[in-house]
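Index from 1, following the sequence. Below, each value reflects all heavy atoms present in this structure, side chains not excepted, and no hydrogens, waters or symmetry copies. Being a predicted model, the structure only gives us computed values, none of them experimental.
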Amino acid sequence: MTEDPRLLVDDVPVATYVLAPDLDARHGPRPYLHPVRTLAGTPVTDVLPADHVWHLGASLAVQDVDGTNLWGGRTYVRDTGYTWRDDHGRIVHTDWMDRTPDRLAHRLRWCDRDGGVLLTEERRLAATRVDGDPAAWRLELDYTLTAPAARDVHLGSPATNGRPGGAGYGGFFWRAAPTGDAVTFTAEAEGEETVNGSDAPWLAFGGTGPGGGAYTLVFTGLGEGDRWFVRTAMYPGVCVAFAFDSPATVPAETHRTGRHRVTVVDGLIDRDRAAALAARDR
């Protein structure tokens, strides 16, 4: 078996990319980043946590892609609630376009339970140092999702399928490392209840990772119609949500593109420093 590639910053390993995980289909098998670490070595992702086993580090995943669950776990069914269904697909690597210590690029297929192709994808990941800040590095994620020639592809979430309470998750999701003191804020708001569902240009999430190291993650890159999905109380996680309160569509033979940046910082930082780091991403 080929070893999973790693991303390095100045020879420091900061992330492992698990390309083809051997997982139960109900966990939504897909490539994911884990562990992701700060430059000082503090882990900032979690994988297969007991509360939501299908949360896999940092990954792209959507619960409803034309009726296929690519997120994992139970599917939210309108007027019924969460239900175990035989509707789980998988996202699979097909071939490499680029593979270097600080940059990975490859092609993927988003498949239904029978292997039928729902979407094709080209994905690029890169790890770069933040100039002038020895405690920070940046993860760059760019992707293009392409619909088949003959049909539109619809993206949904538990919220668009009827679940109340701002549960519009699905998209680029980051399951953060376990922390009992999670904080989250934007330029204008603070706390899960106020930032969840917002479309702020950037969002910061911080806490104390395993081993006692504090960290902060600064996210940028909402696309048109995207919203932040954030949890700090039930579990620590941040998602660039594609269908937070209304379904999204990739029209036939067209593309949906994404460009997200996550700055990974040692220590808890304040709003001014987070804003300055986010401004560099723009």
**Student:** Would you call the rings of His52 and Trp54 parallel, tilted or perpendicular, taking 30° and 60° as the class edges?
**Tutor:** perpendicular

**Student:** How about Phe173 and His55: are their ring centres within less than 6.0 Å of each other?
**Tutor:** yes

**Student:** Does Arg6 come within less than 4.0 Å of Asp11, counting only side-chain N to carboxylate O?
**Tutor:** no

**Student:** Over 60° means perpendicular and under 30° means parallel, so tell me whether Phe244 and Phe229 are parallel, tilted or perpendicular.
**Tutor:** tilted

**Student:** Has the side chain of Asn69 got a donor or acceptor atom that lies under 3.5 Å from a matching backbone atom of Gly73?
**Tutor:** yes

**Student:** Where the side chain of Ser59 meets the backbone of Pro31, is there a donor-acceptor pair that is under 3.5 Å apart?
**Tutor:** no

**Student:** Without swapping roles, check the side chain of Arg259 against the backbone of Tyr143 for a donor-acceptor pair under 3.5 Å.
**Tutor:** no

**Student:** Rounded to the nearest 0.5 Å, what's the gap from OG on Ser157 to CZ on Phe242? Could you check?
**Tutor:** 12.0 Å

**Student:** Would you indicate whether the side-chain heavy atoms of Trp137 and Val36 approach each other to under 4.5 Å?
**Tutor:** yes

**Student:** Side chains of residues 13-27: which donor-acceptor pairs under 3.5 Å do they make with residues two or more places apart or in other chains?
**Tutor:**
{"from": "Tyr17", "atom 1": "OH", "to": "His106", "atom 2": "NE2", "distance (Å)": "2.8"}
{"from": "Tyr17", "atom 1": "OH", "to": "Arg123", "atom 2": "NH1", "distance (Å)": "2.8"}
{"from": "Asp24", "atom 1": "OD1", "to": "Arg26", "atom 2": "N", "distance (Å)": "2.7"}
{"from": "Asp24", "atom 1": "OD1", "to": "Arg26", "atom 2": "NE", "distance (Å)": "3.2"}
{"from": "Asp24", "atom 1": "OD2", "to": "Arg26", "atom 2": "NH2", "distance (Å)": "3.1"}

**Student:** Is the Trp174 ring parallel, tilted or perpendicular to the Phe172 ring (thresholds 30°, 60°)?
**Tutor:** perpendicular

**Student:** Taking atom OG1 of Thr208 and atom CG of Asp181, what is their separation to the nearest 0.5 Å?
**Tutor:** 3.5 Å

**Student:** Atom CG in Leu203, atom OG1 in Thr184: separation rounded to 0.5 Å?
**Tutor:** 4.0 Å

**Student:** Which side-chain hydrogen bond (donor to acceptor under 3.5 Å, both in side chains) pairs, counting each pair once, include a residue from residues 227-248, with sequence neighbours left out?
**Tutor:** Glu192-Thr232

